[in-house]
J.: 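Before I ask anything, here is the structure I am working with.
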Amino acid sequence: MRDLTIADLRPVLDSSTLNLIRRGVDGSLRMSVDRWRLAEVEPEAVVFRSLPVEPTEAEQVLAVRLAEVERITWDRLPRQQARSQLRFHLRSGDLWTFSGALSEPPA
């Protein structure tokens, strides 16, 4: 597992299509059925936008407020060659995991 900075996000996420799993500090687990892409890295938030399946579907916006982020990490599980995970460890204890074909962070 490697710690990332905000500056690392754009090169790592690039234009990847991402899955999202949210694990709550209370043990809850929610997997989003939407696919996500990084839209913006702003001073106060990292913004993701959903990829609508149908042209008539509304695009969803998800902002991860940086004031709520304790740590950002990247890792690749040992058996995975192409997929890796970017995790937002929130101050609340929740963990948001975006997974997909992510670039390896700069050394």
Side-chain angles (χ1 to χ4, degrees):
M1 184 180 312
R2 292 168 57 180
D3 284 299
L4 299 182
T5 66
I6 297 302
D8 294 327
L9 294 180
R10 196 157 291 285
V12 169
L13 295 170
D14 195 24
S15 60
S16 299
T17 300
L18 307 165
N19 296 321
L20 171 61
I21 298 174
R22 294 184 243 194
R23 183 176 302 276
V25 70
D26 61 359
S28 62
L29 185 66
R30 293 186 317 192
M31 183 170 180
S32 173
V33 295
D34 294 312
R35 299 293 183 243
W36 300 91
R37 285 206 182 208
L38 176 68
E40 301 169 47
V41 178
E42 301 174 345
E44 288 100 27
V46 179
V47 180
F48 295 88
R49 295 190 185 278
S50 67
L51 300 172
V53 175
E54 299 292 327
T56 57
E57 282 184 273
E59 180 181 70
Q60 303 296 313
V61 177
L62 175 67
V64 181
R65 291 176 28 95
L66 294 176
E68 297 172 7
V69 175
E70 184 173 298
R71 182 177 178 205
I72 303 169
T73 60
W74 174 93
D75 67 27
R76 178 170 287 135
L77 299 174
R79 292 184 151 173
Q80 293 182 332
Q81 302 276 321
R83 291 184 67 83
S84 52
Q85 295 78 37
L86 184 123
R87 294 187 173 98
F88 289 94
H89 304 255
L90 303 180
R91 295 186 193 286
S92 66
D94 290 356
L95 179 66
W96 291 16
T97 302
F98 288 90
S99 66
L102 307 177
S103 300
E104 190 160 339

J.: Is V46 close to F88 at the side-chain level, that is, under 4.5 Å between some pair of heavy atoms?
T.: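 Yes; the side chains approach each other to less than 4.5 Å.
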J.: Sequence neighbours left out, cut at 3.5 Å: what donor-acceptor pairs do the side chains of residues 5-14 make with other protein atoms?
T.:
{"residue": "T5", "atom": "OG1", "partner": "A7", "partner atom": "N", "Å": "3.4"}
{"residue": "T5", "atom": "OG1", "partner": "D8", "partner atom": "N", "Å": "3.4"}
{"residue": "T5", "atom": "OG1", "partner": "D8", "partner atom": "OD2", "Å": "3.2"}
{"residue": "D8", "atom": "OD2", "partner": "T5", "partner atom": "N", "Å": "2.9"}

J.: Please name all residues satisfying salt bridge (Lys or Arg N to Asp or Glu O under 4.0 Å) with E40, sequence neighbours left out, ordered by chain then number.
T.: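 For E40, the residues satisfying salt bridge (Lys or Arg N to Asp or Glu O under 4.0 Å) (neighbours in sequence not counted) are R49.
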J.: Specify the closest pair of heavy atoms between F48 and V64, including all atoms of both residues, with the distance to one decimal.
T.: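 Residues F48 and V64, closest heavy atoms: CE1-CG2, 4.1 Å.
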J.: Between R91 and E68, is a side chain to side chain contact (heavy atoms under 4.5 Å, CB included) present by the stated rule, with each step listed?
T.: CA-CA 6 Å; R91 295 186 193 286; E68 297 172 7; 5.6 Å; no
J.: Determine whether R37 and S15 satisfy the following criterion, side chain to side chain contact (heavy atoms under 4.5 Å, CB included), listing intermediate values before the conclusion.
T.: CA-CA 7 Å; R37 285 206 182 208; S15 60; 3.7 Å; yes
J.: Work out which heavy atom in A58 is nearest to a heavy atom in S50; give both atom names and the distance.
T.: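 Answer, listing the atom of A58 first, then S50: O-OG, 4.3 Å.
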J.: Between R71 (side chain only) and D3 (backbone N and O only), is there a donor and an acceptor less than 3.5 Å apart?
T.: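 Judged by distance alone, no pair lies under 3.5 Å.
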J.: Looking at R23, I'd like to know if its CZ atom is crowded, meaning that more than 12 non-hydrogen atoms belonging to other residues, nucleotides or ligands lie closer than 6.0 Å.
T.: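 Incorrect, the count does not exceed 12.
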J.: R22: what forms a side-chain contact (heavy atoms from CB on, under 4.5 Å) with it, not counting sequence neighbours?
T.: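 Partners of R22 under the side-chain contact (heavy atoms from CB on, under 4.5 Å) test: L20, R30, L62, W96.
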J.: Give me each pair satisfying salt bridge (charged side-chain N to carboxylate O under 4.0 Å, His left out) with a member in residues 94-103, each pair once, sequence neighbours excluded.
T.: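 Listed by first then second residue: nothing to list.
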J.: Starting from M31, walk the hydrophobic network (Ile, Leu, Val, Met, Phe, Trp, Tyr; side-chain heavy atoms closer than 4.5 Å) and list everyone else you reach, by chain and number.
T.: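 Result for M31 is I21, L29.
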J.: Would you mind telling me which of R2, Q85, H89 makes a side-chain hydrogen bond (donor to acceptor under 3.5 Å, both in side chains) with T73?
T.: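 The residue from R2, Q85, H89 that satisfies side-chain hydrogen bond (donor to acceptor under 3.5 Å, both in side chains) with T73 turns out to be H89.
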J.: Decide yes or no for D34 and L51: does some side-chain heavy atom of the first lie under 4.5 Å from some side-chain heavy atom of the second?
T.: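 The answer is no; the side chains never approach within 4.5 Å.
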J.: Return the minimal non-hydrogen interatomic distance between W74 and S103, and the atom names on each side.
T.: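 Distance-wise, the nearest heavy atoms are NE1-O, 3.6 Å.
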J.: Would you name the heavy atoms of L66 and P43 that are closest together and state the gap between them?
T.: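 Minimum heavy-atom contact is CD1-O, 3.5 Å.
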J.: Can L86 and T97 be said to form a side chain to side chain contact (heavy atoms under 4.5 Å, CB included), step by step?
T.: CA-CA 6 Å; L86 184 123; T97 302; over 6 Å; no
J.: With sequence neighbours left out, what residues match E44 under salt bridge (Lys or Arg N to Asp or Glu O under 4.0 Å)?
T.: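 Not a single residue meets the salt bridge (Lys or Arg N to Asp or Glu O under 4.0 Å) criterion with E44.
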J.: Please round to the nearest 0.5 Å and tell me the distance separating atom CZ of R87 and atom OG of S99.
T.: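 Going from the CZ atom of R87 to the OG atom of S99 covers 8.5 Å.
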J.: Cut-off 3.5 Å, side chains only: do T17 and R35 have a donor facing an acceptor?
T.: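 No pair is found: no donor N or O on one side chain lies under 3.5 Å from an acceptor on the other.
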